[in-house]
There are 2 protein chains.
Amino acid sequence: MTDTKTKILDLAESLTQTRGFNGFSYIDLANEIGIKTASIHYHFKLKDDLAAALVERLREQHALGFAAMEAANETPEGRLQAAIDYFKGYLAKEEFCMCGMMAAELQSVSPRVASLVKAYFRDFEAWLYKQFELAGRENADELAIGFLSTLEGSLLIARLTGDADVISKALKGYLKE
Amino acid sequence: MTDTKTKILDLAESLTQTRGFNGFSYIDLANEIGIKTASIHYHFKLKDDLAAALVERLREQHALGFAAMEAANETPEGRLQAAIDYFKGYLAKEEFCMCGMMAAELQSVSPRVASLVKAYFRDFEAWLYKQFELAGRENADELAIGFLSTLEGSLLIARLTGDADVISKALKGYLKE
DNA sequence: CGTCTTGCCTATTGATATATAGATAGTCAT
DNA sequence: ATGACTATCTATATATCAATAGGCAAGACG
């Protein structure tokens, strides 16, 4: 059995990905998990604390995920494809990228959370840059920022239209030189 | 003087672009405009009616905007650049694309609004496809979906980091063959 | 044993949300 | 100028929000 705190984080993450961080309440979490809202306040005193914990946890998971993608794939191209497949996993659950969502809702989150979200994207971009460098591609800088932008944007549109091919089509140019 | 209904739409649009559609209330609108919340209910009985009106209005504005971009620019490349500049206008006001925002918050909007947002992106993609076709580019299909995805994603990240160059860098590959 | 901590509970607060009802003043057409 | 419509108001209903206070049981640890 996963503990209550993890259940709260898991559900809050999923709801942020589908409705946005302002699109759910402690009552939604409590009802679904089968506890009371006050119990959520025990674990996360303020809703902002929950937001910060969500982004921090995802950053840690990504740091592990990046290392795992490098271990599991010989080539940079294979690793980039693994990142694409990871985002397609969101699509399968009709979820957007959680940090992309918070980036969209930027002016409604605290400065503290905003800076954590920035750090998430900084990490992601740095990892992509490294892969394009390893692949010997020129302008790894532009390729990394383009790949990241297209990944976020194509997930947004693919989820809206329900068409998984959108992601592959939008990113095709980045995988073959 | 702009009428009250237009003031409501203008402010609601801007707030949706910065905080998300769930990130503001009728009270925010009323206080800023200097009316009472009940007056907003007179114009838009349900908040969902406001959402629908926002998307419908933006779609109409875009239809006019697309025609204007074609009239003002000889080449398809010039028109695509005009579309990029249009999105950079959002960035200057620290706003995201309103329909991109609603697409992110997808599961919290009504089916009616979701289908209007889909129509917005269908229109946009069709116009981009036409420009890539006119430019004689192969795979206009993939270019249109890639361009649109990258436009949305790069605006999201540029606004987060405050770096306007992100948009230019991410889209560079689409303007030169 | 007894004290402290953890994790959850019941109960409630104060603020805020969307939405409705009913009144009022101004506008406009016939 | 009578009647219908527009636009706004006050007031209130109803619901929900995040957040707090205080208590209780189970286990950890001296």
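Source: prediction; values computed, not measured.
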(message) From CG of A:L50 over to P of D:dC17, roughly how many Å is that when rounded to an integer?
(response) 14 Å
(request) Could you tell me the separation between the CG atom of B:D3 and the P atom of C:dT27, rounded to a whole number of Å? (result) 15 Å
(message) Any carboxylate oxygen within less than 4.0 angstrom of a Lys/Arg side-chain nitrogen, looking at A:E142 and A:R137?
(response) no
(request) Would you kindly give the CD1-to-C1' distance between A:I40 and D:dA18, to the nearest whole Å? (result) 11 Å
(message) Strictly below 4.0 Å: does A:H43 bring a side-chain N or O up to OP1 or OP2 of C:dC8?
(response) yes
(message) Output the rounded distance in Å from CG (A:N31) to P (C:dC9).
(response) 12 Å
(request) Mind calculating the distance between CD1 (B:I35) and P (D:dA7) to the nearest angstrom? (result) 12 Å
(request) Quick one: closest heavy-atom pair of B:L143 and B:Y174, and the distance? (result) O-CE2, 3.6 Å
(request) Tell me, please, whether B:Y42 has B:K36 positioned over its six-membered ring: NZ or CZ under 6.0 Å from the ring centre and within 45 degrees of its axis? (result) no
(message) For D:dA7 and B:S39 - does any side-chain N or O of the residue sit under 4.0 Å from the phosphate oxygens OP1/OP2?
(response) no
(message) Could you report the tightest heavy-atom contact between B:S154 and B:V166, atom names first, then the distance?
(response) O-CG1, 3.7 Å
(message) Counting only side-chain heavy atoms from C-beta out, which of C:dT10, C:dC8, D:dC9 sits nearest to A:K36?
(response) C:dT10
(message) Any salt bridge linking A:D10 with A:R57? Criterion: basic side-chain nitrogen under 4.0 Å from a carboxylate oxygen.
(response) yes
(request) May I ask you to say whether B:D165 pairs ionically with B:K88, meaning some side-chain N is under 4.0 Å from a carboxylate O? (result) no
(request) Could you run through nucleotides 14-20 of chain C and give me one letter per nucleotide, 5' to 3': B if any protein heavy atom sits under 4.0 Å from the base, S if only the sugar-phosphate is that close, - if neither? (result) ---SSBB
